Amino acid sequence: MEWYENSNLVLAIVVENMALLVITMGCFLVYVKKNKTRKSNEEYELMDMLNRYYSQSADNVKKSYDQINVLKHDIRNLLLVVMNLISENQPEEAKNLLGEKLHQIDRIYKLVDTDNEYANAILNQKLSEARAADMEMHCAVLTSFGGIGNQDICSLLGNLLDNAIEANVGNSDHPWLDMLVEGDQDEIEIICRNSSYKCLKLNHNQLPLTGKASGEHGYGSRIVQEIARKYRGEVLYRVGEKEVEVAVHLRRSPAGGA
């Protein structure tokens with residue numbers, strides 16, 4: 001009788017362990033399936049984002065090409081007029097005319113070309129939006145984007161530039177935007193400086209919410225902070241007289257941030 005009871009106990013333990021094993025395997029399979037679905041969704045979102053930026057960038061390049069063709073047809077007549085003004089001893093008028101044309105040429109959309117197609121797509125689109133908003137714009141990329149995941153590049157650059165453009169909504173006092181990307185084989189630093197339509201004050205290294213879409217601005221800033229933490233970096237803010245600077249320091253990941 002005792003042997004029978006022990007056998008039942010052993011059988012119950014075996015059944016219990018088998019059930020736990022089945023549950024564990026089931027949970028593992030569900031996790032793997034969800035993880036694959038999450039990665040697929042991230043890849044789909046990234047490709048959709050890239051396609052939208054490429055489409056918008058292609059439109060901007062086409063507009064630039066059309067502008068260049070107009071200038072090519074116009075430049076000969078311009079030079080003839082300038083030569084005529086100089087021959088008639090009117091150098092000031094010639095200078096003013098050339099200045100207007102140089103300003104027009106400078107406003108033509110300039111293509112940003114880096115080692116990363118994702119960065120190219122979003123930089124060209126966002127900087128084009130800044131130029132369309134009459135912001136004086138400068139961008140210099142002096143290093144590779146290697147070691148930073150493509151989705152993180154899109155989110156980081158997109159949010160930084162969105163915030164910079166938003167900070168100048170309604171700003172008629174010479175708005176401007178500067179972006180610098182530099183670094184070495186271990187680190188990368190992205191510095192975004194821009195004018196602001198009003199003076200701002202930092203609160204514990206955080207910018208106050210501004211603009212009509214202040215909720216979106218706050219969300220974008222949190223995304224930038226999360227990406228910095230992911231790459232063992234930091235985000236530093238500096239404010240001046242109607243001026244804002246955001247410096248994002250990242251450590252490159254051997255796996256590209258995947």
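Please read all numbers here as calculations on a predicted model, not as lab measurements.
In this structure, CG in Leu161 is found 11.5 Å from OG in Ser128, a value given to the nearest 0.5 Å. Rounded to the nearest 0.5 Å, atoms CZ (Arg251) and CD1 (Ile148) are 10.5 Å apart. Of the inter-residue distances, the one linking Arg232 atom CZ with Glu234 atom CD reads 13.0 Å to the nearest 0.5 angstrom. Atom CG of residue Leu85 and atom NZ of residue Lys95 lie 14.0 Å apart, to the nearest 0.5 angstrom. Atom CG of Leu180 sits about 10.0 Å away from atom OG1 of Thr143, to the nearest 0.5 Å. Distance check: Leu250 CG to Phe145 CZ gives 10.0 Å after rounding to the nearest 0.5 Å.
In this structure a side-chain-to-backbone donor-acceptor pair under 3.5 Å is missing from Asn194 to Ile165. Without hydrogens or angle criteria, Asn150 side chain to Tyr118 main chain gives no donor-acceptor distance under 3.5 Å. The backbone N or O of Ser155 sits less than 3.5 Å from a side-chain atom of Asn159, completing a donor-acceptor pair.
Counting heavy atoms from C-beta on, the side chains of Leu157 and Met179 come closer than 4.5 Å. Looking at Leu142 and Val181, their side chains never come closer than 4.5 Å, going by heavy atoms from C-beta outward. Between Leu97 and Glu93, the closest side-chain pair of non-hydrogen atoms is not below 4.5 Å. Looking at heavy atoms from C-beta onward, Glu187 lies in side-chain contact with Asp184 at the 4.5 angstrom threshold. The shortest side-chain heavy-atom distance between Leu177 and Met135 falls under the 4.5 Å cut-off. Side-chain contact between Val235 and His249 is absent, with no heavy atoms from C-beta onward closer than 4.5 Å. By the 4.5 Å heavy-atom criterion applied to side chains, Ser221 and Val224 are not counted as neighbours. Residues Ile86 and Val82 are in side-chain contact: their nearest non-hydrogen atoms beyond the backbone lie under 4.5 Å apart.
Residues Tyr231 and Gly149 approach most closely at OH-N, 2.9 Å, considering heavy atoms. Smallest separation of non-hydrogen atoms from Trp176 and Asn168: O-ND2, 4.4 Å. The two atoms that bring Pro175 and Ser195 nearest to each other are CA-OG, 3.2 Å, heavy atoms only.
One hydrophobic cluster holds both Leu123 and Ile223 under the rule that ILVMFWY side chains link at heavy-atom gaps under 4.5 Å. Follow the hydrophobic side-chain contacts under 4.5 Å out from Val81 and you reach Leu98 in the same cluster. Residues Tyr237 and Ile190 are members of one and the same hydrophobic cluster, defined by side-chain heavy-atom contacts under 4.5 angstrom among Ile, Leu, Val, Met, Phe, Trp and Tyr.
Taking the charged nitrogens against the carboxylate oxygens, Glu243 and Arg193 do have a contact shorter than 4.0 Å, which makes a salt bridge.
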